[in-house]
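Every value quoted in this text rests on a predicted model; they were computed, and no experiment measured them.
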Amino acid sequence: MHIDTLKSVALDALEELKARDIAQLDVTGLTDVADIMLIASGTSTRHVAALAQNVVEKAKTAGLSPRGVEGGDNADWVLVDLSDVIVHIMLPEARALYDLERLWADLPSDTGLRELSPRDEPARMS
């Protein structure tokens, strides 16, 4: 599946259930694991689980089987591995603690971390 389509499926699934503060990071050249990382916040562990489940369901509907899901129903952080796109869904407290956006920005690289352009990135939800 084309990475833009995959990213769009994941973003639509997050937005459908009102994920908050969705961020997109282009990690191409920083890791071989994925090209895009999506980071979103949920309002409760139940909301985090529902967001992750919706991402999985929408991916399957689009013909993709996620490689894996880490975390669970009572988790404050769930990761959905869609191959070239990794989706992190976290409670705001966990997101602040782990600060993935800064972590990836601090990695040394010739290419550097690139946040996607405003055209590629949806408005961050509050």
Side-chain angles (χ1 to χ4, degrees):
M1 180 176 287
H2 191 269
I3 192 164
D4 290 333
T5 304
L6 184 56
K7 179 181 74 171
S8 179
V9 167
L11 285 170
D12 289 348
L14 292 170
E15 291 170 350
E16 181 178 7
L17 294 186
K18 310 293 188 217
R20 295 187 173 191
D21 302 319
I22 300 170
Q24 301 178 47
L25 304 177
D26 182 341
V27 295
T28 306
L30 296 175
T31 180
D32 292 334
V33 174
D35 292 329
I36 302 289
M37 286 198 185
L38 300 177
I39 304 168
S41 295
T43 57
S44 66
T45 55
R46 182 175 286 181
H47 188 214
V48 167
L51 287 164
Q53 185 60 37
N54 202 41
V55 170
V56 168
E57 288 173 9
K58 298 294 181 183
K60 287 181 179 179
T61 299
L64 176 73
S65 292
R67 294 171 96 183
V69 177
E70 297 294 328
D73 290 340
N74 293 319
D76 58 356
W77 180 358
V78 177
L79 179 145
V80 181
D81 184 348
L82 299 175
S83 187
D84 290 329
V85 175
I86 303 290
V87 183
H88 298 273
I89 307 164
M90 311 167 96
L91 288 178
E93 299 81 18
R95 188 168 177 175
L97 177 66
Y98 293 103
D99 198 4
L100 295 179
E101 290 97 333
R102 187 186 57 76
L103 176 72
W104 283 99
D106 287 348
L107 285 177
S109 168
D110 292 339
T111 60
L113 176 68
R114 182 179 75 82
E115 287 218 27
L116 296 178
S117 70
R119 183 179 148 274
D120 294 335
E121 184 174 28
R124 291 182 185 225
M125 304 183 85
S126 316

Step by step, would you call Val9 with Leu82 a side-chain contact (heavy atoms from CB on, under 4.5 Å)?
-> CA-CA 10 Å; Val9 167; Leu82 299 175; over 6 Å; no

When you look at Leu79 and Ile86, which way does the side-chain contact (heavy atoms from CB on, under 4.5 Å) test go after all the steps?
-> CA-CA 7 Å; Leu79 179 145; Ile86 303 290; 3.8 Å; yes

Step-by-step side-chain contact (heavy atoms from CB on, under 4.5 Å) determination, Asn54 to Leu51 | CA-CA 5 Å; Asn54 202 41; Leu51 287 164; 5.8 Å; no

Which pairs would a plain distance check flag for residues 57-70, meaning a side-chain donor or acceptor within less than 3.5 Å of a matching protein atom at least two apart in sequence or in another chain?
{"unit_1": "Glu57", "atom_1": "OE2", "unit_2": "Gln53", "atom_2": "NE2", "d": "3.1"}
{"unit_1": "Lys58", "atom_1": "NZ", "unit_2": "Glu16", "atom_2": "OE1", "d": "3.2"}
{"unit_1": "Thr61", "atom_1": "OG1", "unit_2": "Glu57", "atom_2": "O", "d": "2.9"}

Name each donor-acceptor pair under 3.5 Å that joins a side chain in residues 34-44 to protein atoms two or more places apart or in another chain, with its distance.
{"unit_1": "Ser41", "atom_1": "OG", "unit_2": "Arg95", "atom_2": "NH1", "d": "3.0"}
{"unit_1": "Thr43", "atom_1": "OG1", "unit_2": "His47", "atom_2": "ND1", "d": "3.2"}
{"unit_1": "Ser44", "atom_1": "OG", "unit_2": "Arg46", "atom_2": "N", "d": "3.4"}
{"unit_1": "Ser44", "atom_1": "OG", "unit_2": "His47", "atom_2": "N", "d": "3.1"}

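For residues 54-82, every residue pair satisfying the ring pair (Phe, Tyr, Trp, His ring centres under 6.0 Å) rule, not counting sequence neighbours, is listed here: Trp77-His88, Trp77-Tyr98.
A 4.5 Å side-chain heavy-atom check between Val85 and Ile3 finds at least one atom pair inside the cut-off.
Looking at every heavy atom in both residues, Val87 comes nearest to Ala10 through CG2-CB, 4.0 Å.
If you take CD1 on Ile89 and CD1 on Ile22, they are separated by 9.5 Å, rounding to the nearest 0.5 Å.
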